[in-house]
Structures are given as C-alpha cells and as structure tokens.
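A short write-up of the structure that comes next.
Letters A, B, ... are given to chains in the order of the sequence lines, protein chains preceding strands, and every chain is numbered from 1.
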Number of protein chains: 2
Amino acid sequence: MARTEEQNEKIRDATRTSIKNAALDKFSMKGLYATRIQDIAESAGIAQGLLYHYYPSKEAIYVDLIDDGLEKIIEASLCLRDMDGTAKEKIDFALKSILQTIQISSNFAQNSRFITQAVNSTAIPPEVQKVLDEKRDIPYQIIAEILAAGQEEGSVVDGDPRTLSTLFWANINGLSAYFTTWKNPGELPDYRLISSMFFRRE
Amino acid sequence: MARTEEQNEKIRDATRTSIKNAALDKFSMKGLYATRIQDIAESAGIAQGLLYHYYPSKEAIYVDLIDDGLEKIIEASLCLRDMDGTAKEKIDFALKSILQTIQISSNFAQNSRFITQAVNSTAIPPEVQKVLDEKRDIPYQIIAEILAAGQEEGSVVDGDPRTLSTLFWANINGLSAYFTTWKNPGELPDYRLISSMFFRRE
DNA sequence: TTATATATTGAATCTATATTCAATATATAA
DNA sequence: TTATATATTGAATATAGATTCAATATATAA
C-alpha cells in the first residue's frame, strides 16, 4: 500500500499553508488582479498546476484569505469585549497593542492592507463581497458596544456609539495604511492622543 | 480647407475630458488592473480605438489622473496654509469642509479612494510610483507646518508636528474610506472630536 | 523490494483583452 | 458645393496568463 491518509493529510496541510502564506503576501501587495497565479506558485515553491489541486481558481484563494482576515479581527475584538476592565482600559489596551503590532510585526498591517484593498474595489468576486457584507461590520459593532458601556460608566463622551466606533477604526485603518505604504514612515502617534477623543477629561 | 486648429482643439479637449472622467470613475471603483479599456471607452461614449489617439496606453491615463488627484490635494493644502487665521481656525476649517464634502459630493471621496488604491499596490507602473514619491508627501508637510505654527502660538499639543500631521491625514483618509466603501455609512463624527486631539484644552 | 495511491510537475490549451490599423464620418474653409 | 484634414470607428491581431491534463515522482504498507 501507499502512504496512510494521515500522512497525506499532513503533506496537504503543509502545501495548503504555504499556498495561503504566499497568496496573502502577493495579494496584500498587488491586489487580486495584478497577482499572477505564477507569482503565488513560485513564492510557495510549487508548480502552477498543483495550485489547482488545492483551489479551483485564484478567486477561491482570495475568498478563503478574506474570510481568515476578517475572522482574525473579529476574534480579537471579541476577546477585547470579554476581557475584564473599564471601557477606558479596553480601548487604551486595544490602541496600545495595535499601534505596537503595526510597528513590530507585519501581521496586522498586512491583513489590514489586504482587507482595505478588497473593500476599495467593486471588482472583487461576488463571493468575496458576500463575506465582507456578513463580517466586516462586526468589529465596528463590538467597539460600539464597548463605547456604549463606557457612556454608562460616564467615562466616554456623548454621541452615537456607532459613530464613535467608526472614528476608532478610521484611526486604526488610516494609521495602518500610512505605515505600510510608506518607505520610512517615521513614528506613530502616542495612543493617548487617539484615546483622548473618546473620553471625558478628569 | 477643413476645420481650423482651434476647432479641432475644442473637440479634442471635450473628448479628452470625457475620457478622463470615465477613467476616474472606473479606476476609483475597480482599480487599474480590473478596469477594462472597453469599460472606459464605453463609459466615455467613444470607440476603443479612439482612446489610443489620446493616450498611448491604459497606464498613461492612470498616471495622468494620479497626478491630477495629488495636485488637487496639494492645491487645497497650500490654500489652507496661506489663508489668514490661527492654526486652530485652519485645522477646524479643513476638517469641517472635508467632512462636509465627503458627505455632499463624491469628488473628494472618489479622489481619495483612487489614491488609496494606488498607494496600496506595489503593482502600479513605475511612472505612477514616481509621481507618488514626488508628491504624496507634500500635503503631510503642509499640515505639519500649520501644526508647528500652532505650537508656537501655544494652541497645539506637544509632539513632533509631522507625527501629528500623520494622525490628521489618517483620520481624513480613514473616514473617507469608510464613507465610500459602505452601503449606508451612517453619520460622520463631529469635526470637533477630531480637532480636540490636536489642541490644548482652554 | 515492490505495488500502489496520491502528490506533483510543466507543457499545451484556451480565453480575455490590450493594442493596431485600414476604412469611414464629419465639419468647415474655400 | 467640394476638397481636405483630422476625428472617429470597430474588426483584426497579438499576447499574457488562467486553467487543464497527461505524465512523473514519492513514500510507505505489504
């Protein structure tokens, strides 16, 4: 007999992972339509043909990655919501960690860049649009919840919590975009500056 | 004899303008590589072939439009810098007018979306990259100047003016992106919330 | 060792679309 | 009217690159 199913699965998992990593690298830098299937295959260290044993098309890889990307942000948001502490502690923690992550690792910024590109194009495949429609709003809702709780506590400024949440994410996305798309981006602002928008003065 | 040179020029100007308008519409929504030359021609109401009497390639239209787009922002920034008033008045005026424009007309947001896409892709033609390298930084410098003057006046908070300027544009870009890429985006935040980041409390 | 299942290869095909070009339409100066 | 310059058309061409597929490599159970 040949390899066991378990062994084949391990091989396929490894190959699938390198395809996904390679594809995220390329898509996040060049977008769906400027990325060549050959780019991805080469970067993953496999032949073009093999890619089609894992995904039926270039678009299918994209859909998969968009879903992953949104899930990551949702997961992090939920984790923030469910942690102990006041609204101020949560927002400050979020800002501090995100700004730090942007500078230290490329993960957050890469993911953010990838999603930004998808969101900015109406040419994305309908399946991608569907995932975006279902999931993109969730992190906005979660931050709005946290801010609403802060208004109850009396710490957060007045105003529609959802609008404040929009402002929160606009800052994150704006800074992240700035940071990834610039040669030498300089420093990021202190998190307290951003935080000060959302909270009353003592 | 046939038409005068002046008359031909008028015809060509009109055609060129509709090509540029159509191309900006398409590029800003779908990006360079997902936009088909046929899309642009159709939307401009001309035949594909004619496009090549005005531009040597799809990329050339793109370069032209990127330059226009950056020039518009630079022009507005310079105008702000040179107006009378304190730093606070200028920044407040800028925030107020931009937020209003985002909601009222599509011009600013369309331009912003277009530039965001270009900036987020390393697949853009080298000529576009060149224009971006030359011009993208200027609005950041101008806002930094204004904020530095505000620090002299004592109204603007401490910190590297260029970093504050980054934060200013991150807010503008983040909100603009939010607003154009959402079906029913809801309200934009009050400009004073953003402004409060940059100025000391009375 | 060997048989076998499946992971992998890369050249061949097929298609979409950017670009070219020969022919046509148009408008006005004479 | 007519001659003419040039704006315009759209079908033909060329090509890049997505997808397919027949052949090969690999690894292990027997």
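B/Lys58 places its NZ atom 12 Å from the C1' atom of C/dT19, with the value rounded to the nearest Å. As a whole-Å value, the separation of A/Glu9 CD from D/dT28 C1' is 17 Å. As a whole-Å value, the separation of A/Glu5 CD from C/dT4 P is 19 Å. Rounded to an integer number of Å, the gap from B/His53 NE2 to C/dC21 P is 11 Å. If you take CD1 of A/Ile11 and P of C/dT8, they are 6 Å apart, rounded to a whole angstrom. Rounded to whole Å, the distance from NZ on B/Lys26 to P on C/dT17 is 14 Å. In this structure, A/Lys10 atom NZ and C/dT6 atom C1' are separated by 17 Å, rounded to whole Å. When rounded to the nearest whole Å, the span between CD of B/Glu6 and P of C/dA29 equals 10 Å.
Here A/Lys26 does not pair with A/Glu42 in a salt bridge; the nearest charged N to carboxylate O distance is not below 4.0 Å. Salt bridge A/Glu6/A/Lys10: absent, no basic N to carboxylate O contact under 4.0 Å. A/Lys135 has a carboxylate O that lies under 4.0 Å from a charged side-chain N of A/Asp67, or vice versa, which qualifies the two as a salt bridge. Using a 4.0 Å cut-off between a side-chain N of Lys or Arg and a carboxylate O of Asp or Glu, A/Lys20 and A/Asp25 do not qualify as a salt bridge.
Checking the phosphate oxygens (OP1, OP2) of C/dT6, no side-chain nitrogen or oxygen of A/Arg3 falls inside 4.0 Å. Between C/dA7 and A/Thr15, no contact under 4.0 Å exists linking OP1 or OP2 to a side-chain N or O. Contact annotation: B/Tyr54 reaches the phosphate of D/dT8 (side-chain N/O to OP1 or OP2, under 4.0 Å). The phosphate of C/dA29 has OP1 or OP2 within less than 4.0 Å of a side-chain N or O from B/Gln7. Distances shown here put a side-chain N or O of A/Tyr52 below 4.0 Å from the OP1 or OP2 atom of D/dT19. Taking only side-chain nitrogens and oxygens, B/Asn8 comes nearer than 4.0 Å to OP1 or OP2 of D/dA7. Side-chain nitrogen and oxygen atoms of A/Ser57 include none within less than 4.0 Å of the OP1 or OP2 phosphate oxygen of D/dA18.
Listed nucleotides D/dA7, D/dA18, C/dT9 differ in distance to A/Leu50; the shortest reach to its side chain belongs to C/dT9. Candidate nucleotides D/dT19, C/dA18, C/dT8 were compared by shortest atom distance to the side chain of A/Gln48, and D/dT19 ranks first. Distance from the side chain of A/Ala47 is smallest for C/dG10 among the nucleotides C/dT19, D/dA18, C/dG10.
Toward the 5′ end of DNA chain C lies the nearest nucleotide of B/Glu59, the other residue of the pair B/Glu59 and B/Thr4 mapping further downstream.
Residue-level contact check: A/Ile37 touches the bases, meaning some heavy atom is under 4.0 Å from a base atom. Contact annotation for A/Leu51: no contact, since no heavy-atom pair falls under 4.0 Å across all strands.
No donor-acceptor contact under 3.5 Å links the side chain of A/Arg12 to the base of C/dT6.
B/Arg81 places no side-chain N or O within 3.5 Å of a backbone atom of B/Glu145 that could act as its donor or acceptor partner.
Base-pair partner of C/dA30: D/dT1 (Watson-Crick or G-U wobble, both distances under 3.5 Å). The partner of C/dC21 is D/dG10, judged by Watson-Crick or G-U wobble contacts that both fall below 3.5 Å. Pairing of D/dA18, defined by two Watson-Crick or G-U wobble distances under 3.5 Å, is identified with C/dT13.
In this structure the side chain of B/Ser195 reaches within 4.5 angstrom of the side chain of B/Lys88, judged on heavy atoms.
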